[in-house]
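Remarks on the structure that follows.
No hydrogens, no waters, no symmetry mates; every other heavy atom, side chains included, goes into these values. Chain letters run A, B, ... following the sequence lines, proteins first, then strands; residues in each count from 1.
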2 protein chains.
Amino acid sequence: MSHVSIIGTGNMGQAIAGVAGKGGHTVQLLGQSDSATAVTGDIVVLAVPFPAVSAVIAERGDTLAGKIVVDITNPLNFETFDSLTVSADSSATAEIAEALPASRVLKAFNTTFAATLAAGSVGSLPTTVLIAGDDADAKSTLAGVITSGGLNAIDAGPLKRARELEGLGFLQITLAASEKIAWTGGFGVAA
Amino acid sequence: MSHVSIIGTGNMGQAIAGVAGKGGHTVQLLGQSDSATAVTGDIVVLAVPFPAVSAVIAERGDTLAGKIVVDITNPLNFETFDSLTVSADSSATAEIAEALPASRVLKAFNTTFAATLAAGSVGSLPTTVLIAGDDADAKSTLAGVITSGGLNAIDAGPLKRARELEGLGFLQITLAASEKIAWTGGFGVAA
């Protein structure tokens with residue numbers, strides 16, 4: 001049983017809250033008006049757009065020490081939809097991990113659209129959440145929350161693999177934005 | 001009706017030959033002992049490992065002018081399985097396109113394992129081939145071969161997107177090599 005704090009009340013924050021709740025975990029959902037409320041979860045999901053992450057870290061970073069921090073961002077250039085805003089040999093997650101050296105930072109949920117988290121399926125495949133990070137125990141704890149909520153979880157490797165997960169998330173968003181796939185579809189994983 | 005030359009007789013070359021044949025297209029399959037045989041296809045698939053591509057280009061590059069050339073490679077460091085061998089802001093396809101300025105170079109087939117090309121499905125989803133390139137007509141021609149062979153095809157964007165396709169192929173190979181998924185599975189696309 002985990003206690004999950006989710007910072008951000010958009011589609012993704014709500015969908016992740018739904019998964020955790022379905023799994024019997026307690027959820028603290030924090031919006032912009034909750035800046036005075038302390039984060040209480042042992043798992044903290046940063047469910048805000050990448051440009052907003054630095055403000056969250058500036059405000060709450062010290063209180064995230066020791067916690068599992070989950071980065072779900074896709075750091076797209078939303079003006080061009082043609083590149084990421086992090087350098088090609090890095091990732092949003094690597095930048096966040098550098099800013100939160102005392103936290104156990106993971107990448108997850110950036111390759112699953114909110115609708116597929118809620119539905120539990122991507123087309124005819126069960127929804128699979130890919131997790132990257134350097135802390136095996138943290139990945140295992142997060143995978144437990146995900147699978148208890150009815151989804152699949154795969155350990156996709158070290159934190160370095162966040163770069164490929166962000167490439168995948170970027171590609172998936174461009175396909176949906178150009179109507180090649182639906183926002184209810186995307187990449188499913190056949191094990 | 002296209003005429004497809006496939007250079008390379010490994011699993012992928014054979015699987016792509018099967019797709020083209022199923023679609024009613026004629027196929028020329030060229031192995032290492034066929035170096036004296038001229039390439040006759042209007043579509044030429046480079047179905048060799050990335051380190052072998054430069055030798056093919058040195059040998060046959062001049063004869064590929066004007067043709068649609070399809071790069072299917074995943075330029076992994078196969079010693080570490082932890083990185084690609086092309087620079088982070090480039091791609092194997094970009095390097096091949098630079099070496100073949102008179103050809104119409106596309107990326108395709110690098111995100112589908114041979115088994116899913118042959119089976120026509122990734123788990124319960126139909127197999128989808130993602131195509132990237134800057135020549136819309138060339139992409140459309142290749143997509144026609146793929147769909148006539150019973151698979152789905154999606155235009156994934158400009159040649160620049162080959163970088164994300166190679167990241168996806170890299171990720172998929174690492175998942176299979178670490179037995180998180182099977183070589184008969186992988187990423188399916190739900191439209």
Side-chain angles (χ1 to χ4, degrees), chain A residues 74 76 80-84 86-91 111-113 115-116 119 121-128 130-132 143 152-158 160-191, chain B residues 74 76 80-84 86-91 111-113 115-116 119 121-128 130-132 143 152-158 160-191:
Chain A
N74 282 303
L76 259 74
T80 65
F81 273 82
D82 196 37
S83 66
L84 295 175
V86 292
S87 70
D89 59 354
S90 185
S91 66
T111 64
T112 44
F113 288 145
T116 69
S121 58
V122 182
S124 54
L125 288 173
T127 300
T128 297
L130 300 170
I131 308 170
N152 290 344
I154 289 183
D155 178 352
K160 198 178 168 192
R161 235 16 20 88
R163 180 170 130 196
E164 283 73 37
L165 296 186
E166 291 174 15
L168 175 52
F170 167 34
L171 179 67
Q172 186 171 242
I173 288 170
T174 66
L175 293 177
S178 59
E179 299 184 349
K180 306 285 170 53
I181 61 171
W183 292 99
T184 53
F187 291 104
V189 181
Chain B
N74 282 303
L76 259 75
T80 65
F81 273 81
D82 196 37
S83 66
L84 295 176
V86 292
S87 71
D89 58 355
S90 185
S91 66
T111 64
T112 44
F113 289 145
T116 68
S121 58
V122 182
S124 53
L125 288 174
T127 300
T128 298
L130 301 170
I131 308 171
N152 289 345
I154 290 182
D155 178 352
K160 199 179 168 192
R161 232 23 13 90
R163 180 169 132 197
E164 283 72 38
L165 296 186
E166 291 175 15
L168 176 51
F170 167 34
L171 179 67
Q172 187 171 244
I173 289 171
T174 65
L175 294 178
S178 60
E179 300 185 349
K180 305 284 170 55
I181 62 171
W183 292 99
T184 53
F187 290 105
V189 180

Worksheet entry | Toward chain B, the part of A:F187 with a non-hydrogen atom under 4.5 Å | both

Discussion item. Can you tell me which portion of A:K180 sits under 4.5 Å from chain B's heavy atoms? Options are side chain, backbone, both or neither.
Written reply: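 Both parts, heavy atoms under 4.5 Å.
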
Options [options], ranked by heavy-atom pairs under 4.5 Å with chain A, top entry:
{"options": "B:G185, B:G123, B:A88", "result": "B:A88"}
{"options": "B:D89, B:T116, B:L171", "result": "B:L171"}
{"options": "B:L125, B:V122, B:L175", "result": "B:L125"}
{"options": "B:D155, B:L84, B:T174", "result": "B:D155"}

Worksheet item: Roughly how far, to the nearest 0.5 Å, is the CD1 atom of B:I154 from the OG atom of A:S178?
Response: 8.5 Å

Discussion item. If you compare all heavy atoms of A:R161 against all heavy atoms of B:F170, which two are closest, and at what distance to 0.1 Å?
Written reply: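 For A:R161 and B:F170, the tightest heavy-atom pair comes out as NH2-CZ, 3.4 Å.
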
Item to complete: Compare every heavy atom of A:G167 with every heavy atom of B:E164, then report the nearest pair and how far apart it is.
Response: CG-O, 3.6 Å

Discussion item. Looking only at heavy atoms and a cut-off of under 4.5 Å, which of A:D82, A:L130, A:L168 has the most pairs with chain B?
Written reply: A:D82

